Protein chains: 2
Amino acid sequence: MNGTMNNKLFAQTAEPARDLASLRIETPPVTLREMALDRLRDAIIAGLFNPGQRLVERTLCDQLGVSRSVIREVLRHLETEGLVETAPKQGPIVARIDWRQARQIYDVRIALETTAVADCARNADSKTKEKLKAILQDLDRNSRKNDALTILTATTDFYETIFLSGVHEIAWDIVKRLNSRISRLRVMTLSTTNRTVSGPARMREIFNAIERNDPDAAAAACRAHIEEAARIAQSLLVPVDQPKL
Amino acid sequence: MNGTMNNKLFAQTAEPARDLASLRIETPPVTLREMALDRLRDAIIAGLFNPGQRLVERTLCDQLGVSRSVIREVLRHLETEGLVETAPKQGPIVARIDWRQARQIYDVRIALETTAVADCARNADSKTKEKLKAILQDLDRNSRKNDALTILTATTDFYETIFLSGVHEIAWDIVKRLNSRISRLRVMTLSTTNRTVSGPARMREIFNAIERNDPDAAAAACRAHIEEAARIAQSLLVPVDQPKL
DNA sequence: CGTCGTATTATGGTATACCATCATAAGGCA
DNA sequence: TGCCTTATGATGGTATACCATAATACGACG
């Protein structure tokens, strides 16, 4: 692994060019760093590392097969994202989440998502509505699988469509980042108390309000959606003093 | 500069311990990286580097007197914060800001700050109110200096007090980070069209609403405060196509 | 037997060396 | 003279070497 490995996994699945921009040879500046970043972030989000677990740099080097330079820059990135904390004199650990933080994250999400949803209800074009409808139908079709990950993905798509239907990339970025910090919570929440049913139901409420261009109702439904998730999260997080999670 | 310089600026002004925690010997893990991070961030915010300007790693090494490892980790951090962009194959540059982004940032600020302000109006204790009042009085006293930086600092203190009077550290973190991305804009905004007068006036409106525990009025005043800033920013940013700023 | 001191090791902090690539400039050929 | 080719330098990407420190374990001394 000495920098002289460049002929790697670029499948180059050259789709037929839809426009001139996509004609470009897919430049592969997929730096090691970016790959390592995605891998490690996914691993943390997926719960492969436990909160509070130490992330020893040299160990990560072996596990990811890259050098410490890469690992350290990745850790800096994840630190800024809030997924990793670095205790002075002890190095990086996977960030812990407690109810105090989680509650704040849900609060920020409420503030940002209700805004985006209301805006979408005001301005959504038919194409956006179609897309939202398709996502929900897909979800219905697969709902009997009760697959937490499927629902999570669909929920993400749903809100992404809403955010990006307006000019809200920055807000969406923030929400995405916050969600990654409570990812474990989200999965646990979904695995609990019929959330696999109520979640999609709430989303349908939001969609209905958007379809009939009712910003206030849409915002209210969105708030209800998040508050419900927050309540479940609280029940998971608060009872024990400093929960394992 | 070879890592063997440790005996530096720890004034160790040991105040009489107010509690057990503050008894701890102030550990000085002020790493080179942290210092470099603050320096570089401040330099960018202060406008020492122009937007779009290339940040050549080896040059920064000389300018800050540290090695490339440090510089690169700092750049990763600032990149995640949004202050630095890294063009593929060309390296990092100071992030540019256009009106599309700025408008979004003002939108997020409105969503978060109105929430915090309303919350503060609902729950603020007398101590918080006193502190807010003191900040405004200080501002009045110095207002004839018309010093943009003074007003900016006071504004920051004002909102920080509001955010932290409730449990909103995370939201405040987000707002701080967003503000750093529009720092130049904020300074320019303040230097324009009597903003040095209207800004404090708006803040006093907010304070009055908080003092009489009127969340809706407080939120409305806050929204007006930010919208006004946004309007000024727009007038600065939009006329020219891709402004120099 | 307990406690204190010392040696060892693990870890993060820092600096530097090397490589691939891209932009630019210089030079040769038509 | 103009364009194409080639050499060179600048830059970021990556790996590694070295150092300081903190935690741990082990041994000596009381």
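If you're wondering where the values come from, they're calculated on a predicted model, not measured in any experiment. Per chain, numbering begins at 1; letters A, B, ... match sequence-line order.
One atom, CD of Glu57(B), and another, C1' of dT16(C), lie 14 Å apart when rounded to the nearest Å. Between Leu37(A) atom CG and dT14(D) atom P there is a gap of 12 Å when expressed in whole angstrom units. In this entry the distance linking CZ of Arg76(B) with P of dT14(D) reads 10 Å, nearest Å. If you measure from atom CG of Asp62(A) to atom C1' of dA10(C), you get 14 Å, rounded to the nearest angstrom. Across the protein-nucleic acid pair, Leu75(A) atom CG and dG12(C) atom C1' stand 11 Å apart, rounded to whole Å. Regarding Arg54(B), its CZ atom lies at a distance of 9 Å from the C1' atom of dA23(C), rounded to whole Å. Atom CD in Glu73(A) sits about 16 Å away from atom P in dG12(C), given to the nearest Å. For Glu79(B) and dG13(D), the CD to C1' distance is 14 Å, given to the nearest whole Å.
In terms of polar N and O atoms assigned as donor or acceptor, the side chain of Arg33(A) never comes within less than 3.5 Å of the base of dG13(D) in a complementary pairing. You'll find a donor-acceptor pair under 3.5 Å spanning the side chain of Arg68(B) and the base of dG13(D), going by distance alone.
Across the interface with DNA chain D, nearest-nucleotide mapping of Val70(A) and Thr59(B) shows Thr59(B) to be the residue nearer the 5′ end.
Inspection of the Asp62(A) and Thr59(A) side chains reveals no N or O donor paired with an N or O acceptor under 3.5 Å.
Side chain of Glu85(A) to backbone of Glu79(A): no donor-acceptor contact under 3.5 angstrom is found.
Taking side-chain N and O atoms only, Arg72(A) has a distance below 4.0 Å to OP1 or OP2 of dG13(C).
For the pair Val70(B) and Arg33(B), the tightest heavy-atom approach, listed with the atom from each and the gap, is CG1-CA, 3.7 Å. Counting all heavy atoms, side chain and backbone alike, Ile44(B) lies closest to Phe49(B) at CG1-CD1, 4.1 Å.
As judged by a 4.0 angstrom heavy-atom cut-off over every strand, Ile71(A) is placed among residues making no nucleic acid contact.
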*asked:* I'd like to know whether Gln104(A) forms a side chain to side chain contact (heavy atoms under 4.5 Å, CB included) with Glu169(B), so could you lay out the CA-CA distance, the side-chain angles of the two residues, the decisive distance to 0.1 Å, and finally the verdict.
replied: CA-CA 8 Å; Gln104(A) 289 186 55; Glu169(B) 300 95 13; 2.5 Å; yes
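With dT16(D), dT11(D), dT14(C) as the choices, the nucleotide that has an atom nearest any side-chain atom of Ser67(B) turns out to be dT14(C). If you check dT14(C), dG13(D), dA15(D) against the side chain of Arg58(B), the one that comes closest is dG13(D).
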